[in-house]
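Below is one structure; the comments refer to it alone.
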Protein chains: 2
Amino acid sequence: MNANRPSSNRPVYLKLRDQIAAAIIDGVYPEGAMLPSVRALAAEQGANPLTVAKAYQQFQNDGLVEVQRGVGMYVVRGAAERLRSAEREAFLREEWPEIRSRMTRLGLDPANLAVIS
Amino acid sequence: MNANRPSSNRPVYLKLRDQIAAAIIDGVYPEGAMLPSVRALAAEQGANPLTVAKAYQQFQNDGLVEVQRGVGMYVVRGAAERLRSAEREAFLREEWPEIRSRMTRLGLDPANLAVIS
DNA sequence: ATGGCTGTATTATGGCACTGATGCACCTCG
DNA sequence: CGAGGTGCATCAGTGCCATAATACAGCCAT
């Protein structure tokens, strides 16, 4: 009945980007470690190498990973914390207001739902 | 730095749909009232009449509005409540889990933020 | 009845995002 | 030097979205 913002119809490269960002924040890819190669991650995720590269692109633009041509991409020192605070700030500024007002309209209270799931 | 789910890059017909749904729930378009004509809303929103029609389409598919050819589209009785509960259920099932886990990862607590904004 | 308002169907077109296949430039290691 | 691993650029294909120009079908007040 609704087709709002299901992660299903999101572009693959954005889903990958989120997934990688989460992995960096959670320390799955520790600082200084090498990220999976575009081909490796593409094979693992059943995606196209180019799509993975596009997901990686944003991280190097933001200086969160360092590229060594012919070698691989490495997580920069302090990337996890920088990424977390940047995402937190963006979330609060761009997403939370809409989410909050929508929940209010639907008769939901964030404080209560926090406990449930 | 982030390009997550800003309502900005959403298709126009979906943004209109959300906006109309909110208006119905909030009683801006009370039950039994006539919705703005496709041409009127299109002019007001600077959109194409066909795009507005596409937004309206979903509501008649769901039986929330009644079409009187040559007259207009009217909000069905009980539409507001049906719409709210349907959206609430969809939100809790499809969106909230992701939002909740993401907030946790970012070190945010819904219960605290609920008070702020 | 007629003009003016409704929603709707048709067809065409331009733009843009996403995905994909291929090939090249670069580095490391044996 | 050469094989195999990197990332990356280029080109092409596909599909959705939005717009546009008409035209049609129905209702209603004047």
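The figures here come from the full heavy-atom set of this structure, side chains too, leaving out hydrogens, waters and symmetry mates. Naming convention: chains lettered A, B, ... in sequence-line order (proteins, then strands); numbering from 1 in each chain. What you are looking at is a predicted structure, and each value in this text was computed from that prediction instead of being measured.
Of the possible donor and acceptor atoms, one in the side chain of Asp109(A) sits under 3.5 Å from a partner among the backbone N and O of Ala111(A). The main-chain N or O of Leu106(A) is found under 3.5 Å from a side-chain atom of Arg88(B) such that the two form a donor-acceptor pair. For the pair Glu31(A) (side chain) and Gly78(A) (backbone), a donor-acceptor distance under 3.5 Å is present.
Rounded to a whole Å, the CD atom of Gln45(B) is 12 Å from the P atom of dT19(D). Atom-to-atom, CZ of Phe59(A) to P of dG7(D) comes out at 14 Å; the value is rounded to the nearest Å. Between the C1' atom of dC17(D) and the CD atom of Gln58(B) lies a distance of 14 Å, rounded to the nearest Å. Distance CD (Gln57(B)) to P (dT6(C)): 18 Å, rounded to an integer number of Å. In this structure, CG of Leu41(A) is placed 10 Å from P of dG7(D), rounded to the nearest angstrom. Remark: P of dC18(C) and CZ of Arg17(A) are 13 Å apart, rounded to the nearest angstrom. Atom NZ in Lys15(A) sits roughly 12 Å away from atom C1' in dC18(C) (whole-Å rounding). Atom CG of Leu35(A) is separated from atom P of dG7(D) by 9 Å (rounded to the nearest Å).
Within residues 48-55 of chain B, the residues approaching DNA chain D are Asn48(B), Leu50(B), Thr51(B), Lys54(B), by heavy-atom distance under 4.0 Å. Near DNA chain C, meaning a heavy atom under 4.0 Å away, the residues from residues 65-78 of chain A are Arg69(A), Gly70(A), Val71(A).
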| task | Could you give me the CA-CA distance, side-chain angles and deciding distance for Leu108(A) and Arg100(A), then say whether side-chain contact (heavy atoms from CB on, under 4.5 Å) is met? | result | CA-CA 9 Å; Leu108(A) 296 173; Arg100(A) 169 116 185 80; over 6 Å; no
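Taking a cutoff of 4.0 Å between a charged side-chain nitrogen and a carboxylate oxygen, Arg105(A) and Glu98(A) do not qualify as a salt bridge. Salt bridge status for Arg102(B) with Glu95(A): present, with a side-chain N to carboxylate O gap under 4.0 Å. Look at Asp18(A) and Arg10(A) and you find a salt bridge, because one of the NZ, NE, NH1 or NH2 atoms lies within 4.0 Å of a carboxylate O, short of that distance.
Residue Arg93(B) places its CZ atom among more than 12 non-hydrogen atoms of other residues, nucleotides or ligands, all under 6.0 Å distant.
Contact check, Tyr13(A) against dT19(C): no side-chain N or O comes under 4.0 Å of OP1 or OP2.
Partners of Thr51(B) by side chain to side chain contact (heavy atoms under 4.5 Å, CB included), not counting sequence neighbours, listed by chain and number: Val12(B), Tyr13(B), Leu16(B), Asn48(B).
Heavy atoms of Gln60(B) sit under 4.0 angstrom from primed sugar atoms or phosphate atoms, though from no base atom. Among the atoms of the strands shown, none is found under 4.0 Å from any heavy atom of Tyr56(B).
If you check distances only, the side chain of Arg39(A) never reaches the base of dG5(D) with a donor-acceptor pair under 3.5 Å.
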